[in-house]
Number of protein chains: 2
Amino acid sequence: MSDQLHPVEITPNGQGFLPGIAIDAVIFGFHQNQLKILLLEYRNTGLMALPGGFILATENLNDAARRVLSERTGLDDIYLEQFYVFGDLNRADPAPMRAIMTAKGLIPAEHHWLLGRFISVGYYALVDFTKAVPIPDSLSDSCGWYDLSNLPPLIQDHKTIVQKALNTLRTDLDRKLIGFNLLPETFTMADLQSLYETILDQKQHRSGFQRKMLSLGILERLDKHYSGGAHKAPYLYRFITESQQL
Amino acid sequence: MSDQLHPVEITPNGQGFLPGIAIDAVIFGFHQNQLKILLLEYRNTGLMALPGGFILATENLNDAARRVLSERTGLDDIYLEQFYVFGDLNRADPAPMRAIMTAKGLIPAEHHWLLGRFISVGYYALVDFTKAVPIPDSLSDSCGWYDLSNLPPLIQDHKTIVQKALNTLRTDLDRKLIGFNLLPETFTMADLQSLYETILDQKQHRSGFQRKMLSLGILERLDKHYSGGAHKAPYLYRFITESQQL
DNA sequence: TCAAAAGTGTTCGTGATACACCCATGT
DNA sequence: ACATGGGTGTATCACGAACACTTTTGA
């Protein structure tokens with residue numbers, strides 16, 4: 001497990017990390033019928049970027065991704081998936097990082113390790129918006145949720161990375177039954193449908209959607225949820241995890 | 001495009017390559033109703049491994065993979081797909097590489113760059129068996145096809161890599177219509193069905209399979225193929241590529 | 001009692017499955 | 001002619017889409 005009490009700090013010369021390899025994380029959350037991702041902001045530069053990190057020489061690649069996730073959200077046991085490796089030459093643009101370091105009061109050497117070429121392994125993660133607590137990293141000043149439909153400009157090729165992550169999420173959504181990772185413990189069928197509609201960006205047929213989900217046999221129906229609305233109260237559902245199915 | 005006249009040679013100290021990153025390629029072929037992959041053999045060691053390579057500092061990651069493919073098969077324009085990054089600590093086992101280098105007459109230094117930890121980007125490729133010409137790399141003595149159903153022991157975690165590649169191929173097969181890359185220019189419906197049955201490891205229903213394939217609208221029917229068998233001659237088909245569909 | 005939302009029933013069309021039948025071909 | 005493999009027609013079934021109807025709730 002990752003050690004949140006002692007988050008991994010970036011070293012001045014990159015010692016302790018694998019050289020030339022990085023991780024970029026597209027962390028999805030869902031709130032108020034909007035799909036959101038976590039972004040870092042670098043003060044005085046106006047630059048925004050995906051959360052990321054480097055791999056310790058003593059660390060598995062996937063564990064490094066889990067550590068980054070944990071450090072940015074405070075959550076463990078997050079749904080996490082590799083989706084692509086970004087390794088084009090033209091993605092190496094030292095200008096943003098130089099600006100960030102300068103704004104931080106650091107004077108970057110011409111060939112500082114953070115300014116060189118990086119191969120970046122893209123991960124996407126699905127988290128419960130209500131539980132995640134965004135935490136900036138040591139180079140950034142804020143970490144927060146941004147609507148996927150209204151993203152600010154991002155540094156380097158991070159826009160491309162987000163797009164590819166979203167595409168992967170869309171194709172994985174039905175096949176892997178992962179949507180539930182984006183919802184709280186209990187939710188209504190309307191919540192679930194809204195989530196699917198938002199991710200896939202297309203309306204689902206209400207009755208068909210309900211039947212399809214229930215026919216999967218992975219939802220447990222709980223008590224009704226009285227919202228105070230002038231209408232029939234919906235059931236709450238809970239996702240049956242594999243450990244519960246035993 | 002990759003330059004086959006001057007294949008990239010491994011440098012003594014790894015100069016010119018990105019450190020700590022490698023490519024492993026699972027190159028699929030199909031012949032005589034068998035799914036095969038390309039393997040390298042290192043003489044005097046009995047060790048066998050997947051084709052692989054390193055990324056030039058001046059080269060895109062995907063181009064490096066295409067270069068490896070081209071160097072091992074003599075083919076360009078190969079169907080190629082990233083499928084996973086292998087980055088566990090325990091995959092670093094210097095023993096096989098040390099044995100290979102020793103057998104080659106090289107005396108590997110204790111911390112030779114080839115013996116350290118590598119993050120490996122897994123690619124799978126689909127090639128026309130009848131066109132590929134297996135070519136060993138500078139460290140190996142032979143390069144050839146091996147039945148997937150009867151693989152020899154492989155070094156390190158290469159068995160795992162093959163398994164993951166096959167799983168990815170299976171899930172991608174229908175979704176991306178990539179099976180045709182494994183067949184010659186023209187083929188019979190029986191050939192195609194045999195390919196699908198071999199990859200998916202399950203029988204397909206003859207008439208249903210034919211209708212499904214034809215309904216995709218991506219097959220062009222050509223002349224009949226007289227095999228000399230005492231039965232009706234099957235049609236030959238050709239896959240309609242996107243450029244032809246315009 | 002009414003409107004809005006939730007749950008369920010019913011019909012319809014599509015596509016896969018399974019089976020049957022006919023066609024072509026060389027022995 | 002006939003055995004063998006190839007192509008196509010047809011009945012059946014499962015499943016999703018679309019629509020309708022009923023139920024529940026608070027104003």
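Chain letters run A, B, ... following the sequence lines, proteins first and then strands; every chain starts at 1.
The pair B:R91-B:D88 does not count as a salt bridge, with every side-chain nitrogen at least 4.0 angstrom from each carboxylate oxygen.
The nucleotide whose nearest atom lies closest to any side-chain atom of B:R211 is, among C:dT17, D:dT10, C:dT8, D:dT10. Nearest to the side chain of A:A233, among D:dT25, C:dT25, C:dG7, sits D:dT25.
Residue A:L236 contributes atom CG, which lies 15 Å from atom C1' of C:dG7 at whole-angstrom precision. One atom, CD of A:Q204, and another, P of D:dC19, lie 16 Å apart when rounded to the nearest Å. Atom OH of A:Y235 is separated from atom P of C:dG7 by 7 Å (rounded to the nearest Å). For the pair B:M189 CE and D:dG7 C1', the interatomic distance rounds to 10 Å; values are reported in whole Å. Computed from coordinates, the A:M213 CE to D:dA17 P distance equals 11 Å when rounded to whole Å. Note: CG (A:L214) to P (C:dG7) measures 9 Å, nearest angstrom. Spacing between atom NE2 of B:H205 and atom C1' of D:dC13 amounts to 13 Å, rounded to whole angstrom units. Rounded to an integer number of Å, the gap from CD of A:Q193 to C1' of D:dG16 is 14 Å.
Here A:Q210 does not reach the OP1 or OP2 of C:dA6: none of its side-chain N or O atoms lies under 4.0 Å away. The phosphate of D:dG6 (OP1 or OP2) has no side-chain N or O of B:R221 nearer than 4.0 angstrom.
Taking for each of B:K212 and B:R206 the nucleotide of DNA chain C with the nearest heavy atom, the 5'-most of the two is the partner of B:K212.
Here the two rings, on A:F83 and A:Y123, have centers that are 6.0 Å apart or farther. Ring centers of B:F239 and B:Y237: at least 6.0 Å apart, outside the cut-off.
Side-chain contact between A:M48 and A:Y146 is present, with at least one heavy-atom pair separated by less than 4.5 Å.
Residue A:S207 places a side-chain atom within donor-acceptor reach of the base of D:dC19, judged by atom type and a 3.5 Å distance cut-off alone.
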Check the pair A:S149 / A:Q34 against side chain to side chain donor-acceptor pair (under 3.5 Å), numbers first and verdict last.
-> CA-CA 8 Å; A:S149 58; A:Q34 285 284 335; 3.3 Å; yes
